[in-house]
Amino acid sequence: MARIDDLARYYDSQAAADRYYPEWEEAGLFTPDPDAPGEPYTIVIPPPNVTGSLHMGHALNNTLQDILVRYKRMDGFNALWVPGTDHAGIATQWVVERKLRAQGVERRDIGRDAFLEKVWAWKDESGGTITHQLRKLGVSCDWKRERFTMDEGLSRAVAEVFVRYYEEGLIYRAERLINWDPVGLTAISDLEVDNEEAEGELWSFAYKLDAPFTRADGSTIDEIVVATTRPETMLGDTAVAVHPDDPRYRDLVGRTVKHPFLDRDIPIVADAILVDPEFGSGAVKITPAHDFNDFEVGKRHGLEMINILNQDATLNSHGGPFAGMDRFAARDAVKARIEALGLSRGAKPHMLALPRSQRSGSVVEPMLSTQWFVKMKPLAAPAMAAVENGFTEFVPKQWENTYFAWLRDIKDWCISRQLWWGHRIPAWYDAQGTLYVGRSEAEVREKNGIGADVALHQDEDVLDTWFSSALWPFSTLGWPDRTPDLERYYPTSVLITGFDIIFFWVARMMFAGLHHMGSVPFKDVYIHALVRDEQGQKMSKTKGNVVDPLDSIAEYGADAFRFTLAAMAAQGRDILWNPARAEGYVKFTNKIWQAFRFATTHLEDYDPSAPRTLSPYDNWILARLGTCVKRVRIALDGYRFNDAANELYSFTWDELCDWYLELSKGTLFSDAPDAEAARQGARYTLWTAFHALSRLIHPFMPFLSEEIWRNLPGTEGTVMTAAFPQVEDFPEDEQALTEVQTLQQTIVAVRRIRSEMEISPRVPLTLRMADPSRLAGHGNGLRDLARVTAVVEGGRQGVCATAVVQGRDVYIPLEGVIDIDAEKARLDKEIAKSTKDVDALRKRLNPGFRAKAPSHVVAGFEAKLKTAEDRRTRLEAARKNFS
RNA sequence: GGGCGGAUAGCUCAGCUGGGAGAGCAGCGGUUUUACACACCGCGGGUCGCAGGUUCGAGCCCUGUUCCGCCCACCA
């Protein structure tokens, strides 16, 4: 049995973590049994990049998940939290490429297989980093079920989904205009492009008509002026578009202009969709192969699509004299050439959106390319409907708008990447280029009757990383097999993630889950904020403002660190990391620990079966505990992590420590023989309070709570699997609440008088009041907390300070203790305050209010007014005694 | 261009369905009281961005507006 001497003077979170975490893990406490009873509660982790390391966003994200999982597990749910990592195609491949490049090796030099070996080696080397860091945070995910997006099972799921989509016509291969990253040398999806505002110029030049044209009014026109921010694209121009109703150009539609230095005639077409006659010259050069709008125009008018770029964005042979030049060099060269020809028609500054690759930062080039796409409209519709119908709910709800907005206008998803690291597309071609899609080469051969003598080669491309992430909620549970886990734990209960991946991930999981599982992948989606630095800046390595969660754990301990994140996680708002808050919560862990040490001194030989009587203090704190349980549950059930944390904080500090422990001391330290039952009552209450508190704080502070649990007599096993406290365990007690409230107000009143009149806490005081019975039995409390040594029946006598507690006068005889002026001044201040109070209440209780406000509200304010008026009357009476 | 947040005490932020404005930190004053000075006791401090409106009553609802931040978008 623990004695206080066994408990460290200060709580050591790190030591507790090192002691308990491995124990929990080895005992299999993170690993639920699908056959075990209990309603399932499932969370799948947003898989971090396998070779990444923990940042504050992860820390917040996983702390919140762990709080929920621990809470639900304790509350009787069959709780599963599936951890895992993502192969992060582009990101990981690039890291390895960079490492190789440092050794002077390019991936193409060593070839695909050798390169992939290097990536796997890197994955094996650094892949455990982040999961070990997560353990430091204390997360209770089931490491036995840890998955990786490229492990065997998940790769099978990817192939399966690909084939099914393909067979249903939802995946197709086509030549389309896509976003091309000329540095990464791969196609990327719309989401991977960031548009950056940039200053550029809108530069105009003239296309000469093939022959001067005499118009109906007799005038002659020989050129048409177009404007562009990317002059080099004129090398790929195959039309000039004007608005069909534009009187300036209407008569030119159908004629042609001559390309100034390429052997090409360019038709003038009418296009009402693209052309805004108000903008620029009202004529638009059309480059169908390098501009998304122009591409559409090209399709509408059957224009030739001329790709002028190589993969690295140098000009290809279609660039004529500029072939081989970089696109930006070509831009200047083309301009110079046109200027030299006297066709330049001026330029003006122009703000433009520069599309940049999220990964490489290079300027993305719209490029005509054959890629694989997922047809989105048929998948998006059910995904929207599921949220509209409430099968999945976002918290906070406003994010549903974001979700809808994206899905509503969604375009087909380009899923092929010209990378090596990732799931290779399950498609094969024979020598004639015939395409076969299947789960494996063997299946393709079998299904299509292709013998071993016929060579097949697999598509070189891999899939967008998010293609596999989209399957995460069911692929991790064993799909496509109907595993016990899948049956039991799908759909998951809640997804906890950041708003930045609502499109990338959440929406895609929604449609994948609906399509392949027939139901939503999660019931709730809790969207949490971004963790920023103190100035509200996004944390980034280049800014040097990154706070490393591991440093924070080392500094504050995982318990306080987690509590800080939870306490700061107000819905719908970014978290500005504030070390002062963390320091404050370190003190909170200390406070709990010290209080527990105190409790321990009284629980050494605690015998729960000993006869006991409960004091009003005992009943009071137990009732308050019940309220705390209720509020914490409501808060957690509503994903109000900060509310739950604040409730625990204020209950523990303000009520348990500041009041109950102090009030219980009189009993606990009493050596009166007849106080034994009361002592046992106080011990019972102490024990009960810490028994409950350790469980209540466990989801937030797993190690501290375990340390308490283990050292609390009469507990068994681990707090991790103890039942989360129920409201019903703690009876309400109106009488105790009232009684203690009276006592508290009296004590506070006395303390204030002491403080304001500078009466030393050592000077004992007497209270005089008309009805001392109201404080009967609270002599110890008054003595210990206010150093009031006597309460006598009677009115004002001699020089007294006067306080009004709950509408009754309380006198404190101060003969010889203070000077009268101090009490006068104090009373004047009180009266002024009271008057303000009364005035405000009278104003509120105007006729309109009385007539229209609900009667209980009116009654409430009337009572308040009466109290306030009474109080002022009493204070004024006290003041008169001095005048 | 469209959409979404935020603006509340010196600082950092809570404030759920409208019912006399809160916390932590900082500040000021006091206290070696038998768990804790990482503590205890007390105090001061806000026209809730601005202007209107609805209401008996608005930090909260409506309209407008200013600043900050974010997301989406093809005006050449």
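To find a chain, count down the sequence lines: A is the first, B the second, and so on, and within it residues start at 1.
Atom CG of A:D784 is separated from atom C1' of B:A35 by 15 Å (rounded to the nearest Å). Rounded to whole angstrom, the span from the CG atom of A:N401 across to the P atom of B:G3 amounts to 11 Å.
Both cation-pi conditions hold for A:K665 and A:F598: the charged atom is under 6.0 angstrom from the six-membered ring centre and inside a 45 degree cone around its axis. A cation-pi arrangement, defined by a distance under 6.0 Å to the six-membered ring centre and an angle within 45 degrees of its axis, is absent between A:R345 and A:F205. For A:R679 and A:W687, the positive end is not near the middle of the six-membered ring at less than 6.0 Å and at most 45° from its axis.
Using a 4.0 Å cut-off between charged side-chain N and carboxylate O, A:R752 and A:E830 make a salt bridge.
In this model, the phosphate group of B:G57 is not approached by any side-chain N or O of A:R844 to a distance below 4.0 Å at OP1 or OP2. For the OP1/OP2 pair of B:C40 and a distance below 4.0 Å, the side-chain nitrogens and oxygens of A:K591 include at least one atom meeting the criterion. When the side-chain nitrogen and oxygen atoms of A:W653 are compared with OP1 and OP2 of B:A23, none of them lie within a distance under 4.0 Å. Side-chain nitrogen and oxygen atoms of A:K587 include none within less than 4.0 Å of the OP1 or OP2 phosphate oxygen of B:C38. Of the side-chain N and O atoms in A:R752, none sit less than 4.0 angstrom from OP1 or OP2 of B:G30. The phosphate of B:G19 (OP1 or OP2) has no side-chain N or O of A:H856 nearer than 4.0 angstrom. Considering only side-chain N and O atoms, A:R762 lies under 4.0 angstrom from the phosphate OP1 or OP2 of B:U32. OP1 or OP2 of B:G44 sits under 4.0 Å from a side-chain N or O of A:K833.
Looking at A:D559 and A:T589, their side chains never bring a donor and an acceptor atom within 3.5 Å of each other.
Taking the P atom of each, B:A23 and B:G46 are spaced 14 Å apart, rounded to whole Å. Comparing the P positions of B:C25 and B:U66 gives an interatomic distance of 39 Å, to the nearest angstrom.
For A:A840, counting side-chain heavy atoms from C-beta on, the closest listed nucleotide (B:A37, B:C16, B:G20) is B:G20. You'll find that the side chain of A:V748 is closest to B:G42, out of B:G42, B:C72, B:A35.
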